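What follows is a set of notes on a single structure, which appears directly below.
Because the structure is a prediction, the values reported are computed rather than measured.
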Amino acid sequence: QVQLVESGGGLVQAGGSLRLSCAASGRTFTSYTMGWFRQAPGKEREFVASINRSGYTYSAPSVKGRFTISRDDAKNTMYLQMNSLKPEDTAVYYCAASSLGRTTTITIDYPYWGQGTQVTVPS
């Protein structure tokens with residue numbers, strides 16, 4: 001069991017940057033593969049990036065080269081550094097934790113979710 005709380009969302013102009021944080025409770029943070037997902041209004045929740053307990057990362061093609069996922073196990077915190085933001089990035093961003101050892105892109109593999117943080121990039 002792990003509790004997740006996202007922060008760092010907000011409104012940023014296209015081309016700007018934002019860093020999201022996901023603070024995790026518990027002493028088992030290092031055992032989890034972590035992921036970022038996002039959901040725009042009327043859209044399905046989609047995968048953004050994932051990082052496993054060894055630090056291996058995988059990012060969705062739509063954000064590769066712009067977003068960087070990282071984790072600081074000493075702080076029980078995961079980050080999503082978002083650069084070159086586009087209006088298409090507007091969504092509620094969720095952090096999630098999976099007990100799988102590998103990165104995974106599907107929501108059902110992540111039983112633990114934060115409540116989300118809004119990122120808005122106006123056109």
Side-chain angles (χ1 to χ4, degrees):
Q1 185 70 255
V2 62
Q3 287 73 49
L4 307 172
V5 180
E6 304 94 335
S7 62
L11 189 150
V12 62
Q13 298 299 311
S17 298
L18 204 61
R19 188 175 77 158
L20 305 183
S21 298
C22 174
S25 66
R27 298 184 296 171
T28 59
F29 177 77
T30 58
S31 298
Y32 292 96
T33 288
M34 304 295 295
W36 286 100
F37 291 77
R38 65 187 182 186
Q39 188 166 21
K43 301 290 186 64
E44 296 292 320
R45 191 166 298 185
E46 69 170 338
F47 170 79
V48 176
S50 182
I51 181 168
N52 79 352
R53 58 177 177 257
S54 299
Y56 176 84
T57 64
Y58 178 77
S59 299
S62 60
V63 306
K64 191 180 297 291
R66 299 188 299 121
F67 292 8
T68 302
I69 187 171
S70 63
R71 63 193 296 165
D72 187 338
D73 292 340
K75 297 181 179 179
N76 287 339
T77 303
M78 177 181 63
Y79 304 97
L80 184 68
Q81 178 65 48
M82 304 184 293
N83 299 325
S84 301
L85 282 162
K86 305 175 180 179
E88 306 95 274
D89 297 319
T90 296
V92 176
Y93 283 71
Y94 299 89
C95 66
S98 171
S99 60
L100 297 178
R102 57 175 282 271
T103 58
T104 177
T105 66
I106 59 177
T107 59
I108 58 174
D109 283 340
Y110 293 85
Y112 311 111
W113 293 83
Q115 293 183 323
T117 185
Q118 177 71 46
V119 172
T120 301
V121 185
S123 300

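- With rounding to the nearest 0.5 angstrom, the OG1 atom of Thr104 is 11.5 Å from the CG atom of Asn52.
- Annotation for Met78 and Gly35: closest pair CE-O, 3.4 Å, computed over non-hydrogen atoms.
- Each of Ser50, Cys95, Ser99 was evaluated against Tyr110; a single residue qualifies, Ser50, per the side-chain contact (heavy atoms from CB on, under 4.5 Å) test.
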For the pair Leu4 and Glu6, evaluate side-chain contact (heavy atoms from CB on, under 4.5 Å) and give the outcome as yes or no after the intermediate values.
CA-CA 7 Å; Leu4 307 172; Glu6 304 94 335; 5.6 Å; no

Please lay out, stage by stage, how Leu80 and Arg19 fare under the test side-chain contact (heavy atoms from CB on, under 4.5 Å).
CA-CA 6 Å; Leu80 184 68; Arg19 188 175 77 158; over 6 Å; no

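- Summarising the geometry of Ala97 relative to Met34, their closest heavy-atom pair is CB-SD, 3.6 Å, with the distance given to 0.1 Å.
- Within 6.0 Å of NZ on Lys64 lie more than 12 heavy atoms contributed by other residues, nucleotides or ligands.
- Tyr56 does not carry Arg102 over the face of its six-membered ring by the limits of under 6.0 Å from the centre and within 45° of the normal.
- Closest heavy-atom contact between Ser98 and Asp109: OG-O, 2.8 Å.
- Aromatic ring centres of Phe47 and Phe37 lie closer together than 6.0 Å.
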Apply side-chain contact (heavy atoms from CB on, under 4.5 Å) to the pair Thr120 and Val12, showing each step before the final yes or no.
CA-CA 6 Å; Thr120 301; Val12 62; over 6 Å; no

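- Taking the side chain as every heavy atom from C-beta outward, Pro122 and Leu11 approach each other to under 4.5 Å.
- Annotation for Ile108: atom CD1 does not count as buried by contact number, only 12 or fewer foreign heavy atoms lying within 6.0 Å.
- A salt bridge links Arg71 with Asp73: at least one charged nitrogen is closer than 4.0 Å to a carboxylate oxygen.
- Residues Met82 and Val92 do not share a hydrophobic cluster, clusters being chains of Ile/Leu/Val/Met/Phe/Trp/Tyr side chains in contact below 4.5 Å.
- Of the N and O atoms on the side chains of Ser25 and Gln3, at least one donor lies less than 3.5 Å from an acceptor on the other residue.
- Other residues, nucleotides and ligands contribute only 12 or fewer heavy atoms inside 6.0 Å of the CZ atom of Arg53.
- Residues Tyr79 and Tyr94 fall into different hydrophobic clusters, defined by Ile, Leu, Val, Met, Phe, Trp and Tyr side chains chained together at heavy-atom separations under 4.5 Å.
- Under the 4.5 Å side-chain heavy-atom criterion for grouping Ile, Leu, Val, Met, Phe, Trp and Tyr, Trp113 is not connected to Val119 through any hydrophobic cluster.
- The two atoms that bring Thr103 and Thr33 nearest to each other are CA-CG2, 3.9 Å, heavy atoms only.
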Hey, mind stepping through Val2 and Tyr32 against side-chain contact (heavy atoms from CB on, under 4.5 Å) and telling me if it holds?
CA-CA 9 Å; Val2 62; Tyr32 292 96; 4.1 Å; yes

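- With rounding to the nearest 0.5 Å, the separation of CH2 in Trp36 from CD in Glu46 is 14.5 Å.
- Going from atom CG of Asn83 over to atom CZ of Arg66 covers 9.0 Å, rounded to the nearest 0.5 Å.
- There is no side-chain donor-acceptor pair under 3.5 Å between Thr77 and Asp72.
- Closest non-hydrogen pair, Ala14 versus Pro87, comes out as CB-CD, 4.3 Å.
- Nearest heavy-atom pair, Gly9 versus Thr117, reported as atom, atom and distance to 0.1 Å: N-OG1, 3.2 Å.
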Side chain to side chain donor-acceptor pair (under 3.5 Å) evaluation trace for Tyr93 with Arg38
CA-CA 4 Å; Tyr93 283 71; Arg38 65 187 182 186; 2.9 Å; yes

